[in-house]
Amino acid sequence: MERLLPWLSEKRPEIVCLQETKCVDEAFPREPIEELGYSLVTFGQRTYNGVAILAKGGIEDVIRGFGDERFDDEARVIGATVEDVMVLNLYVVNGQSVGSESYDFKLSWLERLRDFVRERYDLAEKVVLLGDYNVTIDDRDVHDPELWKGRILCSAPERAALQALMAEGYSDPLRKFTEEAGHHTWWDFRTRGFQRGRGLRIDHALLSPPALEACTAFEVDREARDGAKPSDHAPVIVTLD
DNA sequence: ATGGTGGGTTCCCCA
């Protein structure tokens, strides 16, 4: 909250999606956010996971989870409509390491996400599928592709699962503006990755065709990753006209 | 192949 509130005041985004809130809904600190003119919806649990949507406009048609008991005991999905934009906010399973039980769960989870998206959303609408995907799209998202080759966040099956979602009709807006590598969104605390400039791009905002058409800017707010007690992620800011 | 840092809870787990 010490970092979010000043950031909200400075940037004033229309919609903000949070992941890893690690907080039950009853305990969520709503008032300081509402005082800044935002309404919010949350889907949280103690210690792990948790997602929230904040918006200056009205938040409607809220959904929590996939509606599938195999996945919904972990609070990783919240969706809503804000004006003409349908938002799905995701905290994708990390997967720990390639071949682990958690990794298999991650691949199943991504498959379920694809089915959910196919069932729920109309590609003729402005749809934004965003959040911490815990997957790099390709090697341009990796500071050192040789080092990361085949590892968690970069393995071929994870990327294939993300590609399958994108193949439903959702595009990475960064590639509307540039083909260059970089634009990292996450840096590991353990290796002091941010200080060393060794990051990954694992946070994405995938857009339906009308949303992509309306998209006029893409930015990673690296400043928000700096300073005292930062998140290990930097916010991705996508502008739709 | 390993460990490093950080947060939150419990003396360990997850990222």
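Per chain, numbering begins at 1; letters A, B, ... match sequence-line order.
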Given B:dC14, B:dG4, B:dG6, the nucleotide with the shortest approach to the side chain of A:F189 | B:dG6

Measure the distance from CG on A:L147 to P on B:dG3 and round it to the nearest whole Å.
-> 17 Å

Whole-angstrom distance between B:dG4 and B:dC14, as gauged at atom C1' = 15 Å

Separation between the C1' atoms of B:dA15 and B:dT9, rounded to whole Å = 15 Å

In whole Å, what separates the P atom of B:dG3 from that of B:dC13?
-> 15 Å

Inter-nucleotide C1' distance (B:dC11, B:dG7), Å rounded = 16 Å

Would you check if the distance from the ring center of A:F177 to the ring center of A:F218 is below 6.0 Å?
-> no

Is A:K22 near enough to B:dA15 that one of its side-chain N or O atoms lies under 4.0 angstrom from OP1 or OP2?
-> no

Any side-chain heavy-atom pair of A:I33 and A:M1 under 4.5 Å | yes

Taking only side-chain nitrogens and oxygens of A:R46, does any of them come within less than 4.0 Å of OP1 or OP2 of B:dT10?
-> yes

A:R192 side chain, from C-beta outward: closest of B:dA15, B:dT5, B:dG4 | B:dT5

Classify the angle between the aromatic ring planes of A:W148 and A:H143 as parallel (below 30°), tilted (30 to 60°) or perpendicular (above 60°).
-> perpendicular

A:E74 CD to B:dA15 P: how many Å, rounded?
-> 8 Å

Select one nucleotide: of B:dT9, B:dC13, B:dT5, the one nearest the side-chain heavy atoms of A:Y48.
-> B:dC13

